[in-house]
Amino acid sequence: MKRKMWAVLTTLAVFFACLVTFNLSATPAKAETTYTIGTDVTFPPFEFANKQNKYVGIDMDLIRAIAKNQGFKVKIKPVGFNAAVQSVQSGQLDGVIAGMSITKEREATFDFSKPYFTSGVVMAVAKNSKITKLSQLKGKKVAVKTGTSGADYANSIKNKYGFKVVTFDDSNNMYEDVMTGNSAACFEDSPVMRYGIKQGTKLKIVTKPAENGSYGFAVEKGHNQKLLKSFNKGLANLKANGQYKKITEKYLGKDASKDTDSTSDNSFFGLIKQNKSALWSGFKETLWLTVVSIIFATIFGVLVGLMGVFPNKFLNGLSTTLIYIFRGLPLLVLALFIYTGIPSLTGQKIPAFVAGIITLMFNEGAYIAAFVKGGINAVDTGQMEAARSLGLPFGRAMRKVILPQGIRIMVPSFINQFIITLKDTSILSIIGILELTQTGKIIIARNLQGFKVWTIIAIIYLVVITLLTWLSNWVQKRSKL
Ligand code: GLN
């Protein structure tokens, strides 16, 4: 049995080592003056993924041109508008460029650059809708995007016009809700809505722009002042040398609609072929997250589980408390707490990947601790008594007599937990980790092929889960022999 266990452990170690090497080789070296800039998932013509899944648009071209002009580097994080704003506020990201309106309230927590674009909020309805005025929204639902000035505007007038507000994390889901008829209208920035309609979004604009204002690049108040100054200087230079005009004309001028997806192959296999590199890197990230967090969660879970059966009241209490807290917290809340909550208190950045691993380690680890404790407790108490009465100390009795029996009881639960861990990685898309689910969101944001893309993503998850189950069953069989 011992030899078999070693064989199994070695196989697993080799598997993990392979993963580590291929992931490390895929990680590029970091340059020194790199700023991490958050942006929206999709907000065309300001930011959107093109066919090669590269982020382009007015904001993207501007920030890259300014970076070049001022001699710094940027790393773009398309985490979604609300997440980007919050991450800058908590110091997780250095700045945000996402068609962000300069408002009085925001100026209390952000320092804005000089304005670079003017815009306002319009109301859009489905193509065949009869609604043309705010007053016709009575008793209806209106879709908005979380944390935007459009959402603020809707909330400020909802009582007056008697409508209900429903929020979405990105523009496409908001449009979709109106197109399917769930919501009667949505509020969106006018240049974005006009651009979207020109590109084929089946909505129409029915009001004049309200709440007119300007977009600015933002950093956390009192922080990253050097970056802000460089942005302003670069922007002024780009305006003076004609580059600013070139960029805006590229997306808003006469031949602006070249980068549409209408010509691309939207069949099932066409989509796979077109997005294979994005899907592949999303897949690798998911696998990598799963493997690393399984390792940490197992270590954490086994330790906490053992603490629960150790003959020591304090350790027992600690174990119960840890399990209670981390099993009780929803994964999403824990992820947001670690990624945005803690850094806003300490001022220390935690990279999204690390925050994701910590989240899964605690959450999955708490479940592991619970069944490790249960597994050990399930071994007949007489066994421990017998071993101790033979003179074995607690540690040895545990190692030699109880654990070998307990582990057998735990194996199916471990397998179950590993599969759950894999599925739970999808929740980490909320903190912007580019794993499979976030990759799916970004692809759909560009081509609006929700059904097919989610089918592809679902199949990939199922394939991985099948492989993981096979591997686990194989391990289980070997360890039983
Ligand atoms: N301009 C709006 C705001 O600042 C919307 C921005 C966005 O959705 N990316 O709130």
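Whatever order the structure lists them in is the order used to number ligands and atoms, beginning at 1.
At a heavy-atom distance under 4.0 Å, no atom of Phe46 approaches ligand 1. Using a 4.0 Å cut-off between heavy atoms, Arg106 contacts ligand 1 through its side chain alone, with no backbone atom that close. By the criterion of a heavy-atom distance under 4.0 Å, both the backbone and the side chain of Thr148 are placed next to ligand 1.
Counting the atoms of ligand 1 from 1 in the order shown, those under 4.0 Å from a heavy atom of Ala98 are 6 (C), 7 (C), 9 (N). Ligand-side atoms of ligand 1 in range of Asp40: 7 (C), 8 (O), 9 (N), range being under 4.0 angstrom from any heavy atom. Heavy-atom contacts of Tyr215 reach the following atoms of ligand 1: 1 (N) (cutoff under 4.0 Å). Against a heavy-atom cut-off of under 4.0 Å, Phe43 is close to the following atoms of ligand 1: 5 (C), 6 (C), 7 (C), 8 (O), 9 (N). Listed by atom number, the atoms of ligand 1 under 4.0 Å from Met100 heavy atoms are 4 (O). Each of the following atoms of ligand 1 lies closer than 4.0 Å to a heavy atom of Lys145: 7 (C), 8 (O), 9 (N).
A salt bridge is defined here as a Lys NZ or Arg NE, NH1 or NH2 lying under 4.0 Å from an Asp or Glu carboxylate O, and Arg64 with Asp59 fails to meet this definition.
Among all protein heavy atoms, the one lying closest to atom 3 (C) of ligand 1 is Ser149 OG, 3.1 Å. Closest to atom 6 (C) of ligand 1, if we only count protein heavy atoms, is Gly99 O, 3.3 Å. For atom 5 (C) of ligand 1, the nearest non-hydrogen atom of the protein is Asp189 OD2, 3.5 Å.
At under 3.5 Å, not a single nitrogen or oxygen of Glu188, backbone or side chain, sits near a nitrogen or oxygen of ligand 1.
Under a 3.5 Å cut-off, the side chain of Ser214 and the backbone N or O of Pro115 do not form any donor-acceptor pair.
Inspection of the Asp265 and Gln274 side chains reveals no N or O donor paired with an N or O acceptor under 3.5 Å. Looking only at atom types and distance, the side chain of Thr425 has no donor-acceptor partner in the side chain of Glu435 under 3.5 Å away. Side chains of Glu107 and Thr103: no donor on one and acceptor on the other come within 3.5 Å. Side-chain contact annotation: Tyr251 with Asp61, donor-acceptor N/O pair under 3.5 Å present.
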Could you walk me through whether Lys77 and Asp94 pass the salt bridge (charged side-chain N to carboxylate O under 4.0 Å, His left out) check?
CA-CA 11 Å; Lys77 291 263 176 186; Asp94 296 313; over 6 Å; no
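Cation-pi geometry between Lys158 and Phe163 is not met at under 6.0 angstrom from the ring centre and within 45 degrees of the axis.
The residue from Asp40, Asp170, Asp177, Asp189 that alone fulfils the salt bridge (Lys or Arg N to Asp or Glu O under 4.0 Å) condition with Lys145 is Asp40.
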